[in-house]
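We use all heavy atoms of the structure for the numbers below, so side chains are in, but hydrogens, waters and symmetry mates are not.
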Amino acid sequence: MKESDKNLEKLIEKMMSEDKLQTPSFDFTSKIMSEVLVLEEKKLKTYKPLISKSVWISIGIALALLIIYVSFFTGTDTVLDVKTPYVDKISGLFSGIHISKTLLYTLLIVPIMMLIQIGVLKNYFDKKYNL
């Protein structure tokens, strides 16, 4: 060993022998745990819905008013003919539209993938925040 290493080692031993072993206070654990509990309470978030009850009520009232308006205040020309099946009317509306196979597959697969992604993300955040 080099002389400088020996001197350094002697210095460290001297410092360690002079320094006393520190012990925590009697109620150290209880103080730390009380601080941890305070931090945990701060982390908890109360559930707050994205759409409040007042917004849902106003949407419901607007929808009810729209239904009432359409059923009572529109002319008789908008009433559907009972003799013609609804399927024929709907297929007649979309008969002029041609969709490629790629667009059709996209329109079918994207919503399914979004539903899967929503489920996976919900599960992830439920585990992360212990909800």
Side-chain angles (χ1 to χ4, degrees):
M1 237 198 246
K2 295 181 181 177
E3 186 68 30
S4 63
D5 289 341
K6 288 181 184 181
N7 291 336
L8 184 62
E9 196 170 319
K10 286 180 183 178
L11 178 66
I12 291 174
E13 285 178 10
K14 182 180 178 184
M15 289 177 66
M16 294 296 284
S17 65
E18 291 174 359
D19 196 20
K20 295 181 181 178
L21 184 62
Q22 295 179 352
T23 57
S25 64
F26 178 71
D27 58 346
F28 175 77
T29 306
S30 60
K31 285 181 181 178
I32 295 295
M33 290 309 293
S34 66
E35 289 183 23
V36 168
L37 291 175
V38 169
L39 288 175
E40 287 293 325
E41 289 175 0
K42 287 182 182 178
K43 285 183 183 179
L44 292 177
K45 294 181 181 178
T46 58
Y47 174 73
K48 184 178 177 186
L50 293 175
I51 301 175
S52 64
K53 287 183 181 182
S54 60
V55 173
W56 280 116
I57 290 170
S58 60
I59 289 172
I61 290 172
L63 186 62
L65 290 174
L66 180 66
I67 291 171
I68 291 170
Y69 175 77
V70 167
S71 62
F72 290 116
F73 298 112
T74 57
T76 57
D77 57 344
T78 59
V79 176
L80 295 174
D81 188 14
V82 179
K83 295 178 185 177
T84 308
Y86 296 119
V87 176
D88 290 341
K89 287 186 177 184
I90 293 172
S91 64
L93 290 174
F94 297 110
S95 64
I97 298 174
H98 299 285
I99 299 175
S100 68
K101 286 185 178 182
T102 306
L103 180 62
L104 181 65
Y105 293 149
T106 303
L107 291 175
L108 292 174
I109 292 174
V110 167
I112 293 170
M113 296 304 288
M114 286 179 65
L115 289 174
I116 292 171
Q117 186 176 11
I118 288 170
V120 168
L121 286 174
K122 182 184 181 317
N123 189 18
Y124 169 76
F125 284 114
D126 284 349
K127 285 182 180 178
K128 184 176 180 180
Y129 295 113
N130 295 326
L131 295 176

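- Interatomic distance, CD1 of I112 versus CD of Q117, reported as 14.0 Å (0.5 Å rounding).
- L121 and M113 fall into different hydrophobic clusters, where Ile, Leu, Val, Met, Phe, Trp and Tyr are joined by side-chain heavy atoms under 4.5 Å apart, directly or via other members.
- A continuous path of hydrophobic side-chain contacts links I57 to L65 [ILVMFWY only; heavy atoms under 4.5 Å].
- Grouping Ile, Leu, Val, Met, Phe, Trp and Tyr by side-chain contacts under 4.5 Å, direct or through others, puts I67 with L63.
- Atom CD1 of I118 and atom CG of N123 lie 13.5 Å apart (nearest 0.5 Å).
- At a threshold of 4.5 Å between side-chain heavy atoms, the hydrophobic network of Ile, Leu, Val, Met, Phe, Trp and Tyr places Y124 and I116 in two separate groups.
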Under 3.5 Å, which donor-acceptor pairs do the side chains of residues 102-111 form with other protein atoms, sequence neighbours left out?
unit_1 : atom_1 : unit_2 : atom_2 : d
T106   : OG1    : T102   : O      : 2.8

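- Other residues, nucleotides and ligands contribute more than 12 heavy atoms inside 6.0 Å of the CD1 atom of I97.
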